[in-house]
Amino acid sequence: MQRLQHLLKERRHEEFRDELARAEIAGEVSEFSALNYQAILAVVEGSEFAIDYLEMAEAVASSPYELAVIAENRAAYDLLQGNPVAAAKHCLATLDHVYQTEGLWNNLLIALYRLGEMETIDATLRSFAQLNDECTTRLVGLLSSEPDLYEVRARPA
């Protein structure tokens with residue numbers, strides 16, 4: 001899994017495809033993981049099949065965590081497609097059930113910012129007090145380095 005993540009991060013897509021196929025044949029990744037990785041690759045490459053892979057991965061998801069991963073990827077896809085309303089909806093629907101998913105919070109804040117919902121962003125940031133300390137620490141670290149949220153961080157408190 002780490003190798004797959006590394007290849008994606010390094011934008012070595014052909015090697016990624018080969019490694020994913022090898023891992024699937026060897027039974028090293030679940031059906032969900034394989035579909036999710038295919039979805040991520042399709043999103044990164046701007047493929048028309050991204051939504052299809054996301055829907056297939058969602059269909060085989062078997063836990064709240066896996067559903068949260070798909071919601072995060074769908075929100076990222078929606079943001080890339082210029083649809084912050086859909087991104088916010090995917091995030092909010094999942095955050096009603098799974099609170100400690102940093103990527104969803106991150107995508108939600110980006111969507112709200114793109115929609116100009118500064119008061120909602122402020123309320124969302126205040127809600128972080130409900131999260132456990134470990135999650136809050138990870139989330140603050142992630143948000144502090146998110147380029148799309150620079151203006152949110154630069155505002156007076």
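Of all non-hydrogen atoms in E24 and V29, the two that sit nearest each other are CG-CG2, 3.7 Å. Smallest separation of non-hydrogen atoms from L104 and A71: CD2-C, 3.7 Å.
Side-chain contact between E31 and L35 is present, with at least one heavy-atom pair separated by less than 4.5 Å. Counting heavy atoms from C-beta on, the side chains of R74 and E58 come closer than 4.5 Å. Side-chain atoms of V69 and Y65, non-hydrogen and from C-beta on, do get closer than 4.5 Å to each other. No side-chain heavy atom of E55 sits under 4.5 Å from any side-chain heavy atom of I70. With a 4.5 Å cut-off on side-chain heavy atoms, I110 and Y113 do not count as touching. Looking only at side-chain heavy atoms (C-beta outward), Y37 and Q5 come within less than 4.5 Å of each other.
With Q38 as the fixed residue, the side-chain contact (heavy atoms from CB on, under 4.5 Å) test singles out one of D52, V43, L20: L20.
Taking A61 as the reference, F32, E66, L67 meet the side-chain contact (heavy atoms from CB on, under 4.5 Å) condition, with sequence neighbours excluded. For N107, there are no side chain to side chain donor-acceptor pair (under 3.5 Å) partners at least two apart in sequence or on another chain. Under the side-chain contact (heavy atoms from CB on, under 4.5 Å) criterion, A87 pairs with A75, D78, L79, A111, not counting sequence neighbours. With sequence neighbours left out, the side-chain contact (heavy atoms from CB on, under 4.5 Å) criterion links Q81 to Y77. In terms of the side chain to side chain donor-acceptor pair (under 3.5 Å) criterion, residue partners of T120 (sequence neighbours excluded) are, by chain and number, E117. Legend: residues meeting side chain to side chain donor-acceptor pair (under 3.5 Å) with R17, ordered by chain and number and at least two apart, are E14, E45. Residues forming a side-chain contact (heavy atoms from CB on, under 4.5 Å) with R22 (at least two apart in sequence, or on another chain): E19, A26, E28.
The CG atom of L112 sits 7.0 Å away from atom CG of L92, with the distance rounded to the nearest 0.5 Å. Note that the CG atom of N36 and the CG atom of L41 stand 11.5 Å from one another [nearest 0.5 Å].
The hydrophobic clustering, which links ILVMFWY residues whose side-chain heavy atoms are closer than 4.5 Å, places M118 and L108 together. Each of W105 and L115 belongs to its own hydrophobic cluster when Ile, Leu, Val, Met, Phe, Trp and Tyr are linked at side-chain heavy-atom distances under 4.5 angstrom. Follow the hydrophobic side-chain contacts under 4.5 Å out from I51 and you never reach M56; the two are in separate clusters.
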Trace of the side chain to side chain contact (heavy atoms under 4.5 Å, CB included) decision for Y53 with I40: CA-CA 8 Å; Y53 281 118; I40 292 168; over 6 Å; no

